[in-house]
Amino acid sequence: MVEFALHNAWLVPLLPALSFVIIIFLTKPWPTLSGLVTVGGMLTSCFFASLAAYGVFTNHKYAEEPLVYATRWFTAGELNIDVGIQLDPTSAMMIFMVTLVASLIFIYATGYMKGDPGYSVFFSYLALFGSSMLLLVLSSNLLQMFVAWELVGLCSYLLIGFYTHKISAREAAKKAFVTCRVADFGLLLGILSLQIIFGTLNLTELAEKIHNFDQYTTIGMMTLMAVLVFIGPIGKSGQFPLHVWLPDAMEGPTPVSALIHAATMVVAGVYLVGRMMFLFHEVPSAMELVAITGAFTAMFAAAIAITQREIKRILAYSTVSQLGYMMLALGVGSLTASMFHLWTHAFFKALMFLGAGSVLHALHDRADVWKMGGLIKKMPITGYTFMVGCLAIAGVPPFAGFWSKDEILLAAFDNGNYVLFTMAAITAFMTAFYMWRLFFLAFMGEEKAENHPHESPWNMTVPLIILAFFATVGGLVGTPWAPVWGEWIFYGHPHHVEPNYVIMIGSVVIGLAGIYLAYTLYLADKEKARAHALAKQFSFLHSLSFNKFYIDEIYLWFNHTIVDGSAKLFYLFDIYVVDGILINGLAAFTRLSGEGLRVAQTGRLQNYALVFFLGVLALAVVLAFTDPATAFGLVTGGAK
Amino acid sequence: MELLDSISWVAVAFHTLAAVAVISALLVVFVRNIVHAVLWLAVFFISLAGVFLTLNAEFIAAIQVIVYAGAICIMVVFGIMLIRRWNMGETNLFNSQTVAAAGVVALVTMLSAFLSFKSGVVEPAGDVPVNQVESIATALLTKYVIPFEVAALLLLVALVGAIFLAKEVKADDADSHS
Amino acid sequence: MTLTLTVSLYHYLILSAVIFGIGLFGVLSKKNAIAVLICIELMLNAININLVAFNKYMTPGDFVGQLFAIFVITVAAAEVGVGLAIIIAIYRNKLSVNLDDFDWLKW
């Protein structure tokens with residue numbers, strides 16, 4: 001059975017795709033059945049994924065030599081493109097995590113979306129979304145990965161804009177799609193140049209060839225390609241400056257947000273960079289770019305999250321921030337830490353989004369955390385599981401986030417770049433602060449009279465409990481004393497890092513300090529007077545953060561003045577120069593000269609004969625003037 | 001007597017005939033009645049036959065009279081009769097490009113006349129043999145037999161073509177062609 | 001008193017050129033198609049003068065010029081026959097032999 005799953009991993013993305021097809025063509029009129037098909041497909045897929053992951057993680061040879069099943073997709077001249085499945089510990093971990101989290105989210109969605117008119121369609125999109133992500137994860141070929149990558153982008157567009165009656169949802173969907181497309185263009189250029197230079201897109205072959213890239217190209221070209229490839233993840237994983245779509249993506253139904261933020265979409269970028277480690281590893285400057293982008297994004301997004309009021313928006317910026325962490329880990333060369341954080345983050349972020357969805361479900365979409373309060377009494381399961389998520393993200397041991405965040409801090413510290421390390425540490429503090437601010441404001445404190453919360457149905461709470469379990473123990477696979485994780489998922493060679501107790505304790509202290517600050521400001525102080533006073537005292541910083549550093553406004557300004565202005569210029573150029581002078585002018589010239597020459601075409605033979613003899617005369621004159629001897633010879637036929 | 005001896009009668013004949021030929025050619029072009037033009041054409045052909053005689057080409061002269069003055073002139077008159085049977089007075093008019101044509105033609109004529117004049121006085125390379133018909137016949141049927149046969153074929157084709165073209169067209173054919 | 005009236009090759013050539021010019025003028029400027037045909041005959045005859053004159057002054061013995069004159073006459077006869085037939089056919093369709101009416105080469 002394990003062997004079967006191991007050698008037929010293609011079933012994992014196929015089954016959700018199958019449920020998509022079944023819903024679209026067969027079960028669309030019966031919502032409950034459609035939901036069952038999707039959940040069933042993903043659960044079966046999860047079963048196979050677990051078996052495959054078990055198979056990979058019990059046989060150490062797959063850590064050295066990935067299991068690749070590939071076949072020729074198409075051949076065009078010199079171009080050969082394969083399609084296949086690559087199973088190694090990283091992708092095995094990913095398919096297990098994605099199928100598990102997606103299954104739970106799907107189960108949750110059956111409760112959350114109950115009664116929605118687009119129920120069946122929603123589940124078909126969810127299935128396709130999951131399938132695309134699994135295909136991306138398992139791809140053995142960059143082009144195949146790009147196809148899946150675009151499929152993920154398409155599904156995100158469909159799902160974010162699912163509430164088509166909401167203008168904001170439609171706008172958010174467009175924003176997500178366009179932003180990702182901009183980034184995908186860079187990725188596509190990168191893939192094309194890799195194909196041109198190395199002649200293959202298969203990950204394993206590419207890794208070997210890039211290892212000896214001296215034979216093919218220069219370091220400058222390598223840097224260019226690495227940066228181009230990195231532009232894709234910048235968009236997909238919401239890194240600065242293309243993060244703007246991610247917070248807006250919460251306009252979709254909450255299960256979609258959970259899916260996008262935790263399991264499927266945004267981690268694709270991190271995963272791609274992880275997969276392309278062999279490329280980035282050869283180019284130190286690209287690695288630095290990845291690390292700096294990650295660290296800056298982490299801090300930047302955390303600074304925004306501190307002042308946001310909508311519950312899902314806070315979580316969205318938290319996702320951006322955590323993705324920055326993962327990029328930072330990749331940038332300092334630790335695939336282990338990055339993938340570890342991806343793994344733990346998937347659980348606690350899915351947990352928190354689903355918890356937020358549960359809250360919104362209970363409060364009828366009233367999203368402002370300042371208008372909530374005391375929810376934990378009416379919604380104990382949601383409340384306590386949410387608290388587990390907050391503990392995990394704040395880095396309190398032994399919850400999952402602690403271990404992975406510690407790993408990242410350690411990696412940054414070992415790398416020797418203390419600026420990045422300090423940024424990461426400050427971000428950890430801010431993360432703990434804003435998450436607990438959210439928790440204290442929404443779940444603790446006084447109950448608000450206008451709210452009538454109620455606990456959600458079982459199919460929403462059970463996934464919460466399961467996710468809370470994983471958010472609690474998920475990190476134990478990679479503790480510093482028993483680094484099982486690092487023995488399996490690594491780039492190059494597994495390296496054992498000695499546990500650094502200073503950093504470990506330091507990160508706990510930082511996390512607890514953040515929680516304590518949130519406590520004093522938002523829970524102990526009933527009137528929140530000090531919080532308001534601080535906001536007023538630093539009103540400039542507060543409005544900067546509250547307005548997301550005006551990035552959207554800057555983009556809008558850029559669009560309206562620079563892009564539209566130059567478009568106007570080009571429009572005028574097009575109308576008056578291209579159309580006016582080049583096209584119409586040329587046409588007018590042709591027409592006028594044609595009309596002029598038309599006069600010569602009398603159609604009368606005698607005219608033509610006259611012109612013919614005029615030509616004879618002209619020829620005689622020309623010849624007489626240029627070369628009289630030859631001229632007379634020609635005319636007289638040689639007689640002198 | 002001295003005067004009479006000094007006269008080259010061939011030269012006199014040539015100049016007279018040339019004058020007649022040029023004048024009759026001009027009249028062919030300038031008379032307003034096409035039938036008169038054809039009559040002047042006959043005069044032109046006959047005067048040219050005289051010119052050929054001054055060139056010791058009796059056979060060509062004979063053919064000139066028979067074919068041109070005889071056959072072709074009659075054929076043209078028949079053609080005119082077939083297409084125009086009334087008001088012959090204004091049948092041979094000039095078109096709108098006459099002045100331009102006159103200019104071009106004057107230049108072409110002057111050019112070729114100038115070039116001809118440059119050939120200067122040339123004495124005959126020898127006497128033309130007397131038994132012309134026999135010599136021409138021998139040449140035609142030996143050395144030039146292929147052009148001769150081709151010319152015969154050409155006449156046949158022209159005959160058939162002329163009959164086909166000039167044949168009365170049936171009414172339904174005319175409809176389909178128009 | 002002597003009358004120095006001579007004749008040489010260039011006399012014939014000039015006569016030929018003049019008649020050729022008259023024929024050409026007619027071809028270019030006559031309205032009537034039959035007149036044009038007649039003028040073409042003038043031009044062909046001008047050529048014949050040339051041929052026969054060269055025959056006498058250049059190669060009197062082998063009759064090449066005369067032979068070619070015969071061929072020209074043959075072709076001229078064929079040409080007049082076919083030309084008249086064409087003119088008659090056109091006349092039957094258009095009821096006109098005025099060349100100004102025929103600008104068909106335009107299409």
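Order of the sequence lines fixes the chain letters, A, B, ..., with proteins taken first and strands second; residue numbering starts at 1 for each chain.
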Pairwise distance CG(A:Asn607) to CG(B:Asn95) - rounded to 0.5 angstrom: 8.0 Å
Just to be sure I understand the criterion: a residue of residues 140-154 of chain B counts if one of its heavy atoms is under 4.5 Å from a heavy atom of chain A. Which ones qualify? none
Run the numbers on B:Ser96 and A:Arg604 for side chain to side chain contact (heavy atoms under 4.5 Å, CB included), then give the verdict. CA-CA 12 Å; B:Ser96 53; A:Arg604 286 168 52 202; 4.1 Å; yes
Assess whether atom CE of A:Met221 is packed by more than 12 heavy atoms of other residues, nucleotides or ligands within 6.0 Å. yes
Can you tell me which portion of A:Leu617 sits under 4.5 Å from chain B's heavy atoms? Options are side chain, backbone, both or neither. side chain
Return the set of residues passing salt bridge (charged side-chain N to carboxylate O under 4.0 Å, His left out) with A:Arg181 (not counting sequence neighbours), or none when no residue passes. A:Glu150, A:Asp184
Counting neighbours of CZ on B:Phe117 that are heavy atoms of other residues, nucleotides or ligands and sit closer than 6.0 Å, is the number greater than 12? no
Heavy-atom count check: over 12 atoms from other residues, nucleotides or ligands less than 6.0 Å from A:Tyr157 OH? no
Around A:Phe74, counting heavy atoms of other residues, nucleotides and ligands shown, do more than 12 lie under 6.0 Å from its CZ? yes
Please check if the number of heavy atoms outside A:Leu592 that lie under 6.0 Å from its CG is greater than 12. yes
Does anything in residues 49-63 of chain B reach chain A? List residues with heavy atoms under 4.5 Å apart, or say none. none
Toward chain A: residues of residues 98-108 of chain B with heavy atoms under 4.5 Å: B:Ala100, B:Ala101, B:Val104, B:Leu107, B:Val108
Check the surroundings of atom CZ in A:Arg598: do more than 12 heavy atoms from other residues, nucleotides or ligands lie under 6.0 Å from it? no
